[in-house]
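Worksheet: one structure, shown below.
Counting starts at 1 for both ligands and their atoms, in listed order. These values consider heavy atoms only, across backbone and side chains, with no hydrogens, waters or symmetry-generated copies.
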Amino acid sequence: MKTSVTGYPHIGANRELKFANEKYFRKEIDIYELLETAKELAVQNYEIQRDKGIDIIPSNDLTLYDAMLDTIFLVGAVPERYRKLGLSKAETYYAMAMGHQNGSIDLKPLSMKKWFNTNYHYVVPEIEDGTRLMLSGAKPFYLFELGKDMGIITKPVLIGPYTFLKLARYTGSGKPSDYADDMIEIYSRVLERFSLLGAEWVEFDEPCLVQDLSWEDVKLFTRMYSEILRNKCNVKVLCQTYFGDVRDCYIEMCSMDFDGIGIDFIDGAFSHKFIRNGFPKEKVLFAGVVSGRNVWRNNYRDTLEWYRKMSRCGSEIVFTTSCSMQLVPYSLKYEHKLSDEHKKYLAFAEEKLGELADLKKLAESDEPHSLPEFRANYQLFETVRSGADTEIQNNVRALADVDFVRTPAHAEREKIHKTAFGLPVLPTTTIGSFPQTAEIRAIRLARRRGEISAAEYEKLIKKKTASCIEAQEKLGLDVLVGGEFERSDMVEFFAQSLDGFLFTENGWVQCYGTRCVKPPIIWGDVSRSKPVTVDWTVYAQSLTKKLVKGIVTGPVTMLNWSYPREDLPLRDCAYQIALALRDEVLDLEANGIKVIQIDEAAFRERLPIRRADRKHGYLEWAIGAFRLVHSGVKPETQIHTHMCYSEFGDIIDEINELDTDVINFEAACSDLTILDALSEHEFKAQVGPGVYDTHSPRVPSEDEITQLLYRILEKIPVDKLWVNPDCGLKPRTESEAYAGLESIISAVKKMREAVK
Ligand code: GLN
Ligand code: ZN
């Protein structure tokens with residue numbers, strides 16, 4: 001029995017790589033110093049995995065910025081516009097990651113996309129017509145040799161050719177199969193090199209194999225690998241999949257010349273079935289039995305039971321993590337505030353290494369049940385842990401169909417709101433947050449450190465809110481917001497005010513590049529013991545005669561941006577959060593707030609990768625949870641929702657089922673095709689497609705917004721349209737934010753005249 005790791009976190013236990021990167025951007029250190037930091041982190045990762053007894057330790061999982069960006073470099077897919085800059089290798093790498101400004105040159109970075117159903121974002125490769133891909137980088141070999149110098153023969157991990165080609169964007173007329181021959185050549189050379197260097201295993205990550213595959217997809221995969229595997233010389237090749245099961249190409253995978261096949265038994269609903277129906281004896285099964293993406297302890301009894309059944313297939317089994325552990329924090333040893341009672345149920349990356357070692361020992365033992373490792377773990381899962389609340393559980397159990405239905409129907413409500421609010425045509429609003437200036441951050445820090453009292457804090461935040469309301473009135477916006485100055489982060493702020501969540505001090509995980517997040521952990525049953533935003537919102541409303549929009553983070557986003565429980569179905573957890581937020585919404589309403597926005601930035605995050613798995617399951621309860629939050633409000637109350645990623649082209653019918661009155665979403669960057677789709681699907685809600693991108697410092701001109709509004713009006717009836725930026729103004733400076741809003745207001749004023 002051996003143990004392996006699919007990938008280890010690499011930002012540094014104290015985010016060393018993030019800070020080194022940022023220093024490099026600010027030109028405080030040079031590239032060599034940055035690389036030195038990265039090298040130290042690689043060495044530490046090798047050491048800790050070796051010390052914990054891992055047999056097959058990954059290398060090349062460490063990246064300065066993003067693994068996909070590394071692969072762009074490795075296969076020579078740098079787009080012409082970056083190559084033309086004539087920069088050094090490092091500068092070119094960062095130009096693709098961060099953009100490049102110099103004199104008249106203003107290059108945007110390559111775009112980013114969510115990595116499957118996670119909150120990690122990868123850099124999207126762009127392949128231009130006429131590109132010839134070839135082996136161009138040396139990083140995987142360097143990192144392998146680094147391990148070798150320490151006496152560790154690591155397992156190099158590379159994004160596989162199929163996944164790379166499938167995730168790339170083709171800017172011309174190209175398609176994945178056009179580049180198959182180039183990739184065969186590149187990956188064959190890679191294997192040759194590793195064979196010479198003395199590698200035993202090489203891992204090619206092919207998560208795209210868990211998607212819905214067409215016949216062409218399977219053909220592309222088999223065509224490339226049948227050639228590549230011919231050149232494997234002395235190395236063994238592991239085809240690693242994760243985030244689901246390999247339903248559409250399991251047979252092909254098994255019949256090809258891979259030496260190992262990596263399967264996710266945590267997220268792969270049908271993985272067990274496939275293996276039980278047959279797994280080739282001569283291949284090694286890399287069994288992802290320890291979750292790489294959640295923070296709970298592994299249940300040894302279940303895993304051993306699984307092992308007993310699976311070992312009947314007769315093949316060698318290696319225990320590994322279900323996916324790269326870059327999605328979980330480094331170690332519990334950095335958590336000083338979490339109680340031991342909580343900690344004993346948790347396993348971050350380092351603790352998961354211990355679990356793999358334990359599992360190996362138990363699997364090899366004739367009497368595993370008598371070993372202390374087993375007994376301690378068994379007890380943990382036998383005892384009922386704290387955090388249960390029978391009242392909440394009963395409330396969820398008692399939910400009936402009517403609880404999910406808002407009355408009267410949408411059209412009726414629309415009429416009521418039109419008369420009651422008397423808003424002008426093309427009403428203007430913002431998404432909620434206003435710039436989080438250094439001043440605001442300092443106030444929050446002072447409060448956290450106990451340097452100012454709660455009362456002083458409240459006074460300072462209210463002062464900011466008041467000036468924000470004043471500024472919005474001056475601008476002439478129609479539906480105002482409080483500015484969200486009281487919120488650190490849309491999820492953390494609510495989670496801290498609800499019961500049932502745990503927080504880490506140092507549980508950072510990479511969200512993209514240098515951006516890290518610290519997801520809360522859902523520990524127990526979730527409830528709301530006191531109002532969260534009511535005072536703040538009522539205060540903002542007291543300052544103006546205009547409508548102030550209450551803003552609540554939605555249940556699906558709360559769930560998706562936290563580590564969910566494993567002892568409760570996601571659906572029940574979503575409903576619990578929804579019931580807590582429902583109380584908040586009803587309280588806002590009872591306190592005179594007439595417009596309430598439910599933010600669902602991460603609505604689709606856990607959407608199953610395969611189409612067939614979506615409807616019954618995830619979407620059903622996600623829609624249910626959302627409806628539960630607002631179904632109790634009066635007909636006069638207007639419900640808005642905000643979604644960040646306009647990637648909902650394929651779930652428009654489901655978004656329609658949310659039964660919201662207004663939806664605002666990101667559209668400025670996409671090409672408005674989403675709007676055609678809305679009318680094709682008879683979308684009911686009024687819409688506010690974002691007219692400019694608040695993630696960029698660029699300030700749009702009035703003219704630009706006017707042009708865009710004319711284009712939008714070709715697709716959306718004027719009485720259904722709202723005008724707003726595409727997301728919160730939090731990342732912007734005050735001058736950028738106000739300048740952008742001014743452009744909106746002046747464009748809208750003229751448009752109103754024109755459409756009269
Ligand atoms: N209301 C939030 C804000 O304006 C929404 C943030 C988000 O969608 N990510 O900041
Ligand atoms: Zn947003």
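- The distance from ligand 1 to the heavy atoms of Cys644 drops below 4.0 Å at these ligand atoms: 7 (C), 8 (O), 9 (N).
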- request: Show the numbers, then the answer: is there a side chain to side chain contact (heavy atoms under 4.5 Å, CB included) between Gln211 and Phe116?
  value: CA-CA 9 Å; Gln211 296 174 323; Phe116 300 85; 3.8 Å; yes
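- With respect to Glu704 and Arg698, a salt bridge is recorded, a charged nitrogen being found less than 4.0 Å from a carboxylate O.
- Within the structure, ligand 1 lacks Lys730 among the residues with a heavy atom less than 4.0 angstrom away.
- Expressed to the nearest 10°, the angle at the Zn ion (ligand 2) joining SG in Cys727 with SG in Cys644 is 110°.
- A salt bridge links Glu605 with Lys114: the closest approach of a Lys/Arg side-chain nitrogen to an acidic carboxylate oxygen falls below 4.0 angstrom.
- Atoms of ligand 1 found under 4.0 Å from any heavy atom of Gly728 (numbered from 1 in listed order, with element): 3 (C), 4 (O), 10 (O).
- Of all atoms in ligand 1, listed by their number and element, those nearer than 4.0 Å to a heavy atom of Cys727 are 7 (C), 8 (O), 9 (N).
- With ligand atoms numbered from 1 in the order given, ligand 1 contributes 4 (O) to contacts under 4.0 Å with heavy atoms of Gly432.
- Here is the list of ligand 1 atoms found below 4.0 Å of a heavy atom in Met490: 6 (C), 7 (C), 9 (N).
- Counting only non-hydrogen atoms, the option in Asp599, Thr430, Val552, Thr694 that gets closest to atom 2 (C) of ligand 1 is Asp599.
- With respect to Lys730 and Glu484, no salt bridge is recorded, no charged nitrogen being found less than 4.0 Å from a carboxylate O.
- Between Glu484 and ligand 1, at least one N/O pair is under 3.5 Å apart.
- Taking distance alone, with nitrogen or oxygen atoms compared against 3.5 Å, Ile431 approaches ligand 1 more closely than that limit.
- In this structure, Lys464 places its NZ atom where more than 12 heavy-atom neighbours from other residues, nucleotides or ligands lie under 6.0 Å away.
- Salt-bridge annotation for Arg614 and Asp650: present, with a side-chain N of the basic residue lying under 4.0 Å from a carboxylate O of the acidic one.
- Among the candidates Lys684, His640, Arg406, the single residue satisfying the side-chain hydrogen bond (donor to acceptor under 3.5 Å, both in side chains) test with Asp661 is Arg406.
- Aromatic ring pairs are classed by plane angle as parallel below 30°, tilted from 30° to 60° and perpendicular above 60°; the pair Tyr575 and Phe404 is tilted.
- At a 4.0 Å heavy-atom cut-off, ligand 1 touches Ser433 through backbone and side chain alike.
- Close N/O approach between Gln597 and ligand 1 is not found [any backbone or side-chain N/O within under 3.5 Å].
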